[in-house]
Visitor: 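This is the structure, below, for whatever I ask next.
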Amino acid sequence: MSNQGGEYVLRAQLPGMEKESDIRVTVDDNLITVHADHAESREEKEHSEFRYGSFRRTVRLPGTIRPDKVDASYTDGVLTVRAALLDRSEEGEHSIPVKRGNDRDEEAAP
């Protein structure tokens, strides 16, 4: 994992996977999880071969990421996940407007 110009880049070697059916990437808060499952079988007259495996890795990113700005690509056995960081101008103190309470809130007050 590396920080490259406002985004984190995560790379994982996952040879032999099919991107559409074998690999799933999820984002929850600052956690990126990569799931990969693969099963393959070959049967011939005299023998059979089976190959299968699974992989799951969760990485906590040190900065705040934007879940709507996460992209994943799979090329030549390498999965690359790019997660954009929250712009520093979006962090920090935010002013929250105070609204007048409704009648119900006023009735509950002593």
Visitor: Which distance, rounded to the nearest 0.5 Å, do you find between the CG of Leu85 and the CG of Leu61?
Guide: 8.0 Å

Visitor: Specify the closest pair of heavy atoms between Tyr74 and Gly77, including all atoms of both residues, with the distance to one decimal.
Guide: OH-CA, 3.4 Å

Visitor: Can you tell me how far the OG atom of Ser54 sits from the CG atom of Asp22, to the nearest 0.5 Å?
Guide: 11.0 Å

Visitor: Can you tell me how far the NE2 atom of His35 sits from the CZ atom of Arg57, to the nearest 0.5 Å?
Guide: 12.5 Å

Visitor: List for me each residue that meets side chain to side chain contact (heavy atoms under 4.5 Å, CB included) alongside Ala72, sequence neighbours excluded, and say none if there are none.
Guide: Val25, Leu79, Val81

Visitor: For Ala36 and Met17, which heavy atoms make the closest approach, and how far apart are they?
Guide: CB-CE, 3.8 Å

Visitor: Just how far is it from atom CD1 of Ile32 to atom CZ of Arg60, taken to the nearest 0.5 Å?
Guide: 11.5 Å

Visitor: Atom CZ of residue position Phe50 - does it have more than 12 heavy atoms of other residues, nucleotides or ligands inside 6.0 Å?
Guide: yes

Visitor: Can we say Arg42 and Glu44 salt-bridge, meaning some charged N sits less than 4.0 Å from an Asp/Glu carboxylate O?
Guide: yes

Visitor: Could you tell me which non-hydrogen atom of Asn30 sits nearest to which non-hydrogen atom of Ile65, and how far apart they are?
Guide: OD1-N, 3.3 Å

Visitor: When rounded to the nearest 0.5 angstrom, what distance separates OG1 in Thr26 from CZ in Arg56?
Guide: 7.0 Å

